[in-house]
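Predicted model only: the values in this text are computed from it and were never measured. Residue numbering restarts at 1 for every chain, and letters A, B, ... go by the order of the sequence lines.
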Protein chains: 2
Amino acid sequence: MKTPKISEAVIRRLPVYLRYLQHLHEMNITTVSSLDLGQHLEMNPAQIRKDLAYFGEFGRKGIGYDVEYLIAKIKQILKLDRRLNVALVGAGNLGTALSNYNRYTNEKMKIVAIFDSFPEKIGTKIGTVKVQPIQELAKTVKEQDVKIGIITVPATEAQKVADQMVEAGIKGILNFAPITMRVPNHVYLRNADLTTELQSLAYYIG
Amino acid sequence: MKTPKISEAVIRRLPVYLRYLQHLHEMNITTVSSLDLGQHLEMNPAQIRKDLAYFGEFGRKGIGYDVEYLIAKIKQILKLDRRLNVALVGAGNLGTALSNYNRYTNEKMKIVAIFDSFPEKIGTKIGTVKVQPIQELAKTVKEQDVKIGIITVPATEAQKVADQMVEAGIKGILNFAPITMRVPNHVYLRNADLTTELQSLAYYIG
DNA sequence: TAGATTGTTAATCGATTAACAATC
DNA sequence: TAGATTGTTAATCGATTAACAATC
């Protein structure tokens, strides 16, 4: 079966499985059961099996899952097996942190362009990527076939940047600015606002 | 009624409402309906009403919600109306970004201590907060009544830092390191792993 | 074979949405 | 009063968990 209709909750768990599987692989563990996975990730094994079964039969009854094979399969599902170019706007601390994230890995998803509006930032390098003026966004997106945009500018600038990304033809936006932004339906938007994260935490502590 | 059993989904939406209400307040808008809120936040108005109604009757039939009053109430619910001290370990780019987040606001939730293990970092200041050696964590947590810990160290260090936080008596941890960490049941743990965020994004674009 | 573990169906649980009486 | 909008109950929808036949 292809993909019936996969919920976002499922998709968000796959990278968590992937991370632990990669850890197992590094430790030369070749096989793992949903029970093992569930114990380590503190999740229900039935849920793990069901999540994986949406995409195919990856395990073997009585045995479990082959770690290396499952890693390959999850990467395939998440489309992490093909090149995916990312542009980041806002070369502040958060932007720099994100740029450094996958700098040394051989992930296929890569931040290939960084933009800022601050003249002092232009021309400096973050890793191997030179910071460009925001005016060059559209041109670079086309030239480098950029599909995803990350927004790490202040709230006041964020919607404007999003508009420019949409205009440039970007397909998905990961927004870190604390605003509710508007994008057309054909653009996928994900918010990762760290202030709301922090605020909801207070409820469980205070 | 007090709080029957509020789901995390509800708690995570409250800061989003709060943010937009504060925006309305800045624009001198005094009243808002759940319909308005729903339209701007792209949410179902019934859900917004229900979320709020868990905590009391904050609106007026036929009128809507008083913006200022609702802001005060949501802050009260989230316990953002009382002082909440936060310690951050890992004074890298991400740590610095988070430290700067609420530096200029008059939020009651504040990062009051920053730690790092890198000798060169010790003694430098982020905003007004001096970076301390990690060895001083326990002492500072006690002295400053720190309740929440934020972990922005590399994956290899994260569990060790979490253990120290738990040992020091911290009540909640916000973890940005890409690992599945273990904490005792009495400590609230929230993961905000930006790599998994990025990876799940690929699914919707590729 | 006996034990283990998957894939999947059915049962449960919880969250979202619709609808509407109450009332400003 | 008529129109608007809440708070809340009931209906729907979706996600999680349990259970088990299939099978390695």
Side-chain angles (χ1 to χ4, degrees), chain A residues 1-17 20-21 24 29-74 76-77 200 203, chain B residues 1-17 20-21 24 29-74 76-77 200 203:
Chain A
M1 207 178 307
K2 268 287 114 106
T3 49
K5 186 59 175 302
I6 313 297
S7 82
E8 189 171 312
V10 175
I11 298 301
R12 283 170 155 276
R13 285 193 292 265
L14 294 182
V16 178
Y17 304 154
Y20 186 60
L21 289 164
L24 291 176
I29 292 163
T30 57
T31 306
V32 70
S33 71
S34 63
L35 195 81
D36 291 340
L37 283 169
Q39 240 146 30
H40 281 273
L41 302 175
E42 298 181 46
M43 304 177 89
N44 184 303
Q47 181 172 67
I48 296 172
R49 292 200 299 280
K50 197 158 204 280
D51 283 355
L52 297 172
Y54 282 122
F55 304 98
E57 305 200 357
F58 303 144
R60 285 213 292 158
K61 292 180 169 108
I63 309 289
Y65 299 91
D66 181 272
V67 172
E68 217 171 335
Y69 180 70
L70 193 53
I71 288 174
K73 277 300 174 187
I74 294 180
Q76 209 176 88
I77 295 163
S200 66
Y203 175 82
Chain B
M1 206 178 308
K2 270 282 112 112
T3 48
K5 186 60 175 304
I6 312 296
S7 82
E8 189 171 312
V10 174
I11 298 302
R12 284 170 155 276
R13 284 194 291 265
L14 294 181
V16 178
Y17 304 155
Y20 186 59
L21 288 163
L24 291 175
I29 292 164
T30 58
T31 306
V32 70
S33 70
S34 61
L35 196 80
D36 290 342
L37 284 170
Q39 240 146 31
H40 281 273
L41 302 175
E42 298 182 45
M43 304 176 88
N44 185 304
Q47 181 172 67
I48 296 172
R49 291 200 299 280
K50 198 159 203 280
D51 283 354
L52 297 172
Y54 282 122
F55 304 97
E57 305 200 358
F58 303 144
R60 287 214 291 158
K61 293 182 169 104
I63 309 289
Y65 299 91
D66 181 273
V67 172
E68 219 171 334
Y69 180 72
L70 193 53
I71 288 173
K73 279 298 174 188
I74 293 180
Q76 210 177 89
I77 296 163
S200 67
Y203 176 82

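In this structure, A/Arg13 reaches the D/dT16 phosphate: one of its side-chain N or O atoms is under 4.0 Å from OP1 or OP2. Within the structure, every side-chain polar atom (N or O) of B/Ser34 is placed at least 4.0 Å from both OP1 and OP2 of D/dT5. Side-chain N/O atoms of A/Tyr65 include one lying less than 4.0 angstrom from OP1 or OP2 on C/dG7. Under 4.0 angstrom from either OP1 or OP2 of C/dT6 there lies at least one side-chain N or O belonging to A/Arg49.
Residue A/Ile6 comes nearest to A/Ile11 through the heavy atom pair CG2-CD1, 3.7 Å, listed as atom of the first residue, atom of the second, then distance.
Judged by Watson-Crick or G-U wobble contacts below 3.5 Å, the nucleotide D/dC24 has C/dG3 as its partner.
Looking at A/Arg49 and A/Ser34, their side chains do bring a donor and an acceptor atom within 3.5 Å of each other.
The distance between atom NZ of A/Lys50 and atom P of C/dT6, rounded to the nearest whole Å, is 16 Å. Atoms OH (A/Tyr54) and P (C/dT6) sit 17 Å apart, rounded to a whole Å. Rounded to whole Å, the distance from CG on A/Asn44 to P on C/dT6 is 12 Å. A straight line from CD of A/Glu57 to C1' of D/dT23 spans 11 Å, rounded to a whole angstrom. Remark: P of D/dG14 and CD of B/Gln47 are 14 Å apart, rounded to the nearest angstrom.
With a 6.0 Å radius and a threshold of 12 heavy atoms from other residues, nucleotides or ligands, B/Glu8 has its CD atom above the threshold.
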